[in-house]
Amino acid sequence: MSGTRFVKDSQVFTTQLILPNDTNQMGNLLGGTLMHWIDIAAAISAQRHSGMVCVTASVDEINFHTPVKLGEIVTLQASVNRVFRTSMEVGVVVTALGKGNDPSRRANNAYLTFVAIDDKGRPVDVIPIVPETDDEKRRFAEALERREFRLRRRAR
């Protein structure tokens, strides 16, 4: 484990067009489909940072801010917020782009925890991440708060 890794090095962008098979009876993107896409983007981000296979350990929250409609385009942006030893918090922001000249909007956000594992499935240490921008430093600090809350909740 050597070298310096920055948040920008873990960033993943993926884009999806919302098709009929992705929607419910109301013409809105299925929550489960979006959760699947979120998990994949976050896993790639964690793997990109750690250089290891990473497994989902927990999903803290997924917030659905606004429906995403059939024919719209979503972009998922995932990046590692903080490394704790073998685990990493990954944040994912989902932006929806409507049809025509509609402005883009934040549709969802999520926080997931991944653990890097070796070829025997055992957790391995991950190199710390270095936040550079004010936003990255804020997310870095908030990730610790969320982790402490998770650990308190688990201890109950």
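Because the structure is predicted, anything quoted here is derived from the model rather than measured. Sequential numbering from 1 along the given sequence is applied to the chain's residues.
- In this structure, I73 belongs to a hydrophobic cluster whose other members, linked by side-chain heavy atoms under 4.5 Å apart, are L17, L19, L97.
- In summary, the side chains of T56 and D39 do present a donor paired with an acceptor at a separation below 3.5 Å, with no hydrogens or angles considered.
- Listed by first and then second residue, the salt bridge (Lys or Arg N to Asp or Glu O under 4.0 Å) pairs involving residues 107-118 are D118-R122 (not counting sequence neighbours).
- Under the rule for a salt bridge (Lys or Arg N to Asp or Glu O under 4.0 Å), the partners of K8 that lie at least two apart in sequence or sit in another chain are E132.
- Across all their heavy atoms, Y111 and G91 have their closest contact at CD2-CA, 4.2 Å.
- In terms of the side chain to side chain donor-acceptor pair (under 3.5 Å) criterion, R153 has no residue partners (sequence neighbours excluded).
- Residues satisfying the side chain to side chain donor-acceptor pair (under 3.5 Å) criterion with R139, sequence neighbours excluded, are S79, N81, D135.
- Residues meeting the side-chain contact (heavy atoms from CB on, under 4.5 Å) test with E148, sequence neighbours left out: L144, R152.
- Cluster partners of L30 are absent, since no Ile, Leu, Val, Met, Phe, Trp or Tyr has side-chain heavy atoms less than 4.5 Å from it.
- Evaluation of the side-chain contact (heavy atoms from CB on, under 4.5 Å) rule for H36 yields I40 as partners, not counting sequence neighbours.
- With hydrophobic clusters built from ILVMFWY side chains whose heavy atoms lie under 4.5 angstrom apart, L34 shares a cluster with I62.
- Residues that satisfy the side chain to side chain donor-acceptor pair (under 3.5 Å) test with E142, not counting sequence neighbours, are R138.
- By the side chain to side chain donor-acceptor pair (under 3.5 Å) test, D60 pairs with R150, sequence neighbours left out.
- Using a cut-off of 4.0 Å between Lys/Arg side-chain N and Asp/Glu carboxylate O, E89 and R147 are scored as not salt-bridged.
- Through direct or indirect side-chain contacts shorter than 4.5 Å among Ile, Leu, Val, Met, Phe, Trp and Tyr, V93 is connected to no other residue.
- The two residues V126 and A116 have their closest heavy-atom pair at CG2-CB, 3.5 Å.
- Side-chain atoms of N24 come within 3.5 Å of backbone atoms of M26 as a donor-acceptor pair (strictly under, hydrogens ignored).
- Within the structure, the salt bridge (Lys or Arg N to Asp or Glu O under 4.0 Å) test picks out the following pairs touching residues 66-82 (sequence neighbours left out): E72-R105.
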